[in-house]
Amino acid sequence: MENEKVACECCAQETEEEENETGIRQIIIAAVLFAVAEAAEHLHIFSRAGISLGNFAKADELLPMLLYLFSYIICGKNVVIGAVRNLLKGKVFDETFLMTIASLGAVAVGQYPEAVAVMLLYQIGEYFEDKAVGKSRKSIKALMEIRPDKAYVKRDGKTTEVNPASVQIGETIVVKPGERIPVDGIVTSGKTFLDTSALTGESVPVKVFTGSSVMAGSINTDSVIEIQTTKIAGESAAARIIALVENASEKKAKSEKFITRFSRFYTPAVCAAAILLAVVPSLITHDPHTWVYRALIFLVVSCPCALVISVPLSFFSGIGTAGRNGILIKGSESIETLARTKTAVFDKTGTLTKGVFVVTAVHPADESRIPADELIAIAAHAETYSNHPISRSIRAVHSGPCCSLAKVTDAEEISGQGIRVNLNSRNILAGNMKLMESNNIEGYTPCPENDSGTIIHVAVDGVYAGHIVIADQTKEHAAEAMSQLRSLGVKKLVMLTGDNKETADGVARQIGIDTVFAQLLPGGKVDKVEVLISELGGDTTSKKRGTLLFAGDGINDAPVLARADTGIAMGGLGSDAAIESADVVIMTDEPAKIADAIRISRRTIRIVKQNIFFSLAIKLGIMVLGALGIADMWAAVFGDTGVALLAVANAMRIMLYRKKTL
């Protein structure tokens with residue numbers, strides 16, 4: 001099935017290329033015939049060459065008409081056929097209908113050059129618009145090409161080429177230099193450099209070695225490696241990215257929806273206005289030729305091509321540009337909300353900090369009763385069943401069993417507080433201050449303020465044994481990222497975390513966060529976001545209201561990501577729940593890319609507004625001038641095709657975006 005899909009895509013691409021080549025040939029031939037007809041009509045080249053058609057007609061009158069006719073048929077037949085087909089389907093008021101009526105009307109009033117020019121320039125405009133759309137699609141297609149089409153898996157002592165979809169979790173695959181990694185996994189043999197640019201937007205190769213996690217879609221650039229798979233192909237990072245990109249066009253922005261609704265009413269309205277312009281003044285002045293011609297000008301310039309094409313193209317270009325920079329935006333609706341961001345809310349661990357925890361201090365309550373090494377041993381055994389980074393950091397400093405503490409039973413995780421276990425028949429509690437207070441631990445006292453970091457309190461059989469200080473590290477450029485957000489007009493920077501207030505305040509001061517809410521459960525984070533959204537004021541559906549974005553990376557962030565105006569999942573290897581709930585996915589863990597996402601979104605919205613205003617203003621102006629007899633058909637053609645080309649070119653400017661270097 002996968003090979004058939006690829007084959008179909010290749011055939012479709014070849015067919016599109018052939019159609020483009022045929023289209024440009026037709027345009028060139030029609031343009032040459034049109035130019036010869038113009039020369040024949042105005043320079044009398046046939047008479048000067050001694051060409052005569054006998055008594056039937058003068059060559060300089062009939063031959064230009066024939067050349068105009070041939071030129072019209074070559075460049076306009078597909079448009080006329082398309083208009084007829086659409087009429088039969090009930091689609092009356094589209095651009096093919098308007099172009100057909102306007103050009104045939106021009107023929108009826110004897111304006112042959114204008115009739116051909118309408119079709120010729122319309123086709124030229126369509127050609128360049130198709131080229132622009134194709135160029136924009138290439139930026140999206142680059143993301144789609146990360147899907148590997150083969151895998152080399154070790155089975156029964158042999159390396160066999162198979163479809164990646166058949167590779168199971170736990171199998172070993174071999175990836176040679178130049179090949180894409182087909183399935184997510186962990187390197188078990190060899191070391192190399194990976195090109196992850198298609199996934200993350202970063203051009204610098206990443207070094208991997210035994211034990212490194214690797215993502216499907218990355219390209220092996222150096223030497224052979226073996227990988228033990230951790231996911232099936234359909235659940236890999238590459239598969240998630242492809243799914244996001246394929247569905248990106250489904251979530252349409254309000255601007256796109258407006259243009260769709262606008263076109264439904266606008267086109268019938270201008271057709272009715274053109275009929276009135278042709279009929280009413282003709283009855284009054286008895287000069288139908290003049291007023292029908294003006295009505296045709298009205299029809300040509302009224303075609304909404306510039307809006308119908310350039311607005312979706314602008315959003316498409318914005319999504320593609322973001323993807324090229326390692327930012328996956330799920331739809332144009334998210335571009336609109338990102339562009340209006342006024343409040344940015346962040347999870348702490350894994351979003352603003354590296355999530356790499358290190359034990360920085362151990363404080364036993366009574367050194368003579370439970371010394372420091374035993375306190376670490378107790379905590380390490382208590383955290384045996386947890387994969388939280390804090391738990392791993394405690395286990396990392398514990399070198400081995402202590403006081404024969406080895407048997408852990410009845411482990412119970414207490415949400416938002418810590419863990420309770422039975423350790424060699426002793427009741428152990430390890431967690432935050434809430435855990436100590438809720439269990440009325442004897443001898444517990446709050447930690448001194450100079451203990452900056454995450455505090456893990458330990459109690460043994462209801463008696464306080466001491467606490468362990470664990471510090472996280474802020475990400476590089478996190479402070480600069482906050483500065484960039486401020487420069488973009490984000491008025492409030494907020495951090496939500498389940499950590500204690502002292503630790504959270506320390507991180508906030510370090511990177512420049514305004515407001516901190518600490519010791520929150522997932523539900524508490526949602527409540528805080530609700531309050532922050534209400535503080536933005538105004539109707540939540542209003543375009544004028546500022547919006548709130550939330551950036552997080554963990555499974556517990558999924559409810560907040562879904563509630564925020566814009567949810568941003570950090571990291572290509574973040575939790576599936578977070579990525580599923582988010583509107584935007586940052587494929588690296590760089591907070592600075594949030595500022596890039598806002599910049600791209602604002603540039604996109606700015607260009608959309610420019611195209612809407614510019615197109616309507618020019619069209620309205622030429623409509624009025626045409627009705628007054630000041631503008632001719634050539635001006636109308638510019639108002640249609642010329643404006644459409646300018647709007648498309650303006651939309652393509654989005655793709656010139658280059659991310660700001662920190």
Side-chain angles (χ1 to χ4, degrees), residues 136-148 180 184 195-203 215-218 231 234-253 312 314-339 341 344 347 350-351 481 547 549-554 557-558 561-562 564-605 654-655 657-659:
S136 178
R137 281 178 176 167
K138 283 181 180 178
S139 61
I140 295 291
K141 189 179 177 182
L143 291 173
M144 303 298 288
E145 288 176 348
I146 65 176
R147 180 194 287 116
R180 288 189 185 274
D184 290 2
D195 177 359
T196 62
S197 57
L199 296 168
T200 65
E202 296 301 317
S203 58
M215 291 188 292
S218 303
K231 291 184 178 180
E235 297 176 354
S236 67
R240 293 205 306 266
I241 293 170
I242 291 168
L244 291 176
V245 173
E246 287 177 337
N247 297 327
S249 61
E250 294 181 3
K251 294 184 178 180
K252 291 189 175 182
S314 297
F315 285 110
F316 201 68
S317 298
I319 291 171
T321 300
R324 201 171 60 243
N325 285 276
I327 304 163
L328 297 181
I329 300 178
K330 291 187 179 180
S332 52
E333 185 178 1
S334 299
I335 287 181
E336 280 195 336
T337 55
L338 261 177
T341 300
D347 173 51
T351 302
T547 58
L549 71 79
F550 175 82
D553 73 324
D557 293 325
L561 289 167
D565 294 315
T566 308
I568 301 180
M570 299 290 290
L573 292 176
S575 79
D576 292 342
I579 291 176
E580 189 69 27
S581 303
D583 303 298
V584 179
V585 179
I586 306 293
M587 287 308 298
T588 63
D589 59 357
E590 301 171 73
K593 287 202 172 181
I594 296 175
D596 285 326
I598 293 175
R599 288 193 192 95
I600 292 170
S601 297
R602 289 184 178 175
R603 174 178 287 201
T604 301
I605 296 300
I654 300 168
M655 302 184 71
Y657 174 83
R658 291 293 179 270
K659 68 178 181 178

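Just so you know, these numbers come straight off a predicted model, no measurement behind them.
Residues Phe550 and Leu561 come closest through the heavy atom pair O-CD2, 3.5 Å. Of all the heavy atoms in Ile327 and Ala597, the pair that sits closest is CD1-N, 3.8 Å. Nearest heavy atom pair, residue Met570 against residue Thr351, reads CG-CG2, 3.8 Å. Contact between Ser334 and Asp583 at its shortest, heavy atoms only, is OG-CB, 3.3 Å. Across every non-hydrogen atom of Phe315 and Ile605, the tightest pair is CE2-CD1, 3.7 Å. Considering every non-hydrogen atom in both Ala322 and Ile329, the closest pair reads CB-CD1, 3.7 Å.
A distance of 10.5 Å separates CD of Glu333 from CG of Asp565, quoted to the nearest 0.5 Å. In this structure, CZ on Arg602 lies 9.5 Å from CG on Leu338, to the nearest 0.5 angstrom. Atom OG1 of residue Thr604 and atom CD1 of residue Ile335 lie 4.5 Å apart, to the nearest 0.5 angstrom. Once rounded to the nearest 0.5 Å, the distance linking CD of Glu590 with CG of Asn325 reads 10.5 Å.
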Test side chain to side chain donor-acceptor pair (under 3.5 Å) on Thr337 and Thr566 and set out the steps. CA-CA 6 Å; Thr337 55; Thr566 308; 2.9 Å; yes
Mind running side-chain contact (heavy atoms from CB on, under 4.5 Å) on Val584 and Leu549 for me, showing each step along the way? CA-CA 10 Å; Val584 179; Leu549 71 79; over 6 Å; no
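Ion pairing between a basic and an acidic side chain is recognised when a charged N comes within 4.0 Å of a carboxylate O; Asp596 and Lys593 show no such pairing.
Judged by distance alone, the side chain of Thr341 and the main-chain N or O of Thr547 form no donor-acceptor pair under 3.5 Å.
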